[in-house]
Engineer: 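Quick one: the structure is below, and I'll ask about it shortly.
Just so it is clear, the model here is predicted, and its values are computed rather than measured.
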Amino acid sequence: MIRLAVELFGRWPDALVQVMIGAGQEQLYGEVMAGLTLRPPGTGGSTRQESVHRGLELLASASPDFVLIHDAARPLASRRLIEAVIGALDAGAEAAVPLLPVADTLRKFNNGEWITVPRAGLLRAQTPQGFRFADILKAHRDHAEEDVTDDMALAELAGMKIVAVPGEETNMKVTTAEDFATAELLLSAHLGEVRTGSGFDVHRFTAGDHIWLCGVKVPHDHGLEGHSDADAGLHALTDAILGTIGAGDIGQHFPPADKRWRGAASSIFLERAAELVRERGGSIVHCDVTIICERPKVGPYREAMRDRIAEILHIDAARVSVKATTTEGMGFTGRREGIAAQAIATVRLP
């Protein structure tokens, strides 16, 4: 959830994204945010209010004009909603909040009786909530001892001019197990276009004592000849993912003539392909790699390969398949002159 939110806000040019996490969550945060260039995360406090205050203080030296404060538990906020909040600030508002009307009938249990609460005038507040940076920082400093539920309440205490923008029903706050299931459905509906790409790669055997396959070092009586680490599995999968978004092939992004990529780990190439999919608002649904060779045997390393690909792509290993086959002694792989790999990738795009 937090990565979805960070990637959304990170699409704004020159945006400063400051994430606040709990103490001891640094390793998990690093794993989730791998591949993104971000400011170091800050450590939050015992309350939301304290965490936001600490985050604002971390941004104080940058002196931004505006700040948007968002709950990571709302991973489905849209670009349109963010633009509406920013637009209200640009138009002169000191604070802007997304609001939605209350649609359900409300009941309150009071003195042993159920009482209907009139809905007229009741609205639900969402995030991101936007503010002039200096004003909301001062409000947090001046009212640090006040116990409030969100930053808009602090804005009210500080007497700011608040403007409402239309909220979104899909901008739900994920709290319960049922909420996670609903969020998954909404995300799948948002990513409505399914695309498939394929890739193929070969490398010739050369002198050596190991090869790289699908990101795993495999002992062998030969090496593989190539400009990078010659990982045919990852090269094929990189081309497959690039194909899903019409982004050319691996050679266009990492030219063999460029000395920077001599001996490079092929995980770099695969990470970049996945990043390009995310930049287009997409997600990788599934990938399938087939290794074609007589030797070495892939079976003993299959699970490690699946895990490594899943790690590079930041997806569950259940979405990764690695298989192996031979050509029954035919062709260059049958003559044990090299290794081939083919891959298929499936992505969802908005």
Engineer: Consider only side-chain N and O atoms of Thr182 and Asp179, and report whether a donor and an acceptor are under 3.5 Å apart.
Structural biologist: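 No.
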Engineer: Exactly one of Ser198, Cys287, Cys214 should register a side-chain contact (heavy atoms from CB on, under 4.5 Å) with Leu237. Which one does?
Structural biologist: Cys287
Engineer: Between Arg141 and Glu57, is there a side-chain N and carboxylate O pair less than 4.0 Å apart?
Structural biologist: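 Salt bridge present between Arg141 and Glu57.
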Engineer: Is there a donor-acceptor contact under 3.5 Å linking the side chains of Asp201 and His203?
Structural biologist: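 Yes, a side-chain donor-acceptor pair sits under 3.5 Å.
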Engineer: Using only heavy-atom distances, determine whether the side chains of Arg107 and Thr116 contain a donor-acceptor pair under 3.5 Å.
Structural biologist: yes
Engineer: Leu122: which other cluster members, linking ILVMFWY side chains closer than 4.5 Å, directly or transitively?
Structural biologist: Val102, Leu106, Val117
Engineer: Who are the side-chain hydrogen bond (donor to acceptor under 3.5 Å, both in side chains) partners of Asp258, not counting sequence neighbours?
Structural biologist: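 For Asp258, the residues satisfying side-chain hydrogen bond (donor to acceptor under 3.5 Å, both in side chains) (neighbours in sequence not counted) are Arg260.
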Engineer: Got a sec, which residues hit ring pair (Phe, Tyr, Trp, His ring centres under 6.0 Å) with Tyr29, two or more places apart in sequence or on another chain?
Structural biologist: none
Engineer: Quick one: do the Ser228 and His235 side chains pair a donor with an acceptor below 3.5 Å?
Structural biologist: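 Result is yes, a qualifying pair exists.
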Engineer: Any luck finding a side-chain donor-acceptor pair between Gln49 and His53 under 3.5 Å?
Structural biologist: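 No.
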Engineer: Please tell me if the side chains of Asp151 and Arg48 come closer than 4.5 Å, counting only heavy atoms from C-beta onward.
Structural biologist: yes
Engineer: Will you find, in the side chains of Thr127 and His70, an N or O donor that is under 3.5 Å from an N or O acceptor?
Structural biologist: yes
